[in-house]
Amino acid sequence: MYHHRFPVRMHKVRQWYPSQGVHRIIWRGPYIKGPVGAPLVVTESAYAVR
């Protein structure tokens with residue numbers, strides 16, 4: 001179980017459609033994940049480009 005909230009970036013998901021019998025790619029996000037009322041944790045990411 002999560003004890004804090006955090007942002008989730010937009011990402012692709014293979015969604016199953018049983019009536020059609022196929023997977024289709026859909027986009028989910030961005031959204032905040034975690035329990036309501038928990039503290040929001042936002043971190044900065046730094047990437048080294050070489």
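None of these values were measured; they are calculated from a predicted model.
Taken together through direct or relayed side-chain contacts under 4.5 Å among Ile, Leu, Val, Met, Phe, Trp and Tyr, Val42 and Ile32 form part of one hydrophobic cluster. By the rule that hydrophobic residues join a cluster once side-chain heavy atoms approach within less than 4.5 Å of another member, Tyr2 and Leu40 end up as members of separate clusters.
Contacts classified as ring pair (Phe, Tyr, Trp, His ring centres under 6.0 Å) and involving residues 18-50 (residues at least two apart or in different chains) are given here: Trp16-His23.
Note on ring orientation: taking the six-membered ring where Trp is involved, the planes of His4 and Phe6 are tilted (angle from 30° to 60°).
Side-chain contact between Arg9 and Pro30: absent, with no pair of heavy atoms (C-beta onward) separated by less than 4.5 Å.
Closest approach of Ala38 and His3 over heavy atoms only: CB-O, 3.9 Å.
Within the hydrophobic cluster formed by Ile, Leu, Val, Met, Phe, Trp and Tyr side chains joined at under 4.5 Å, directly or through other members, Val49 stands alone, with no partner residue. Cluster partners of Ile26 are Val13, Tyr17, counting Ile, Leu, Val, Met, Phe, Trp and Tyr whose side-chain heavy atoms approach within less than 4.5 Å, directly or via other members.
Taking CZ from Arg28 and NZ from Lys12, the interatomic distance works out to 14.0 Å, rounded to the nearest 0.5 Å.
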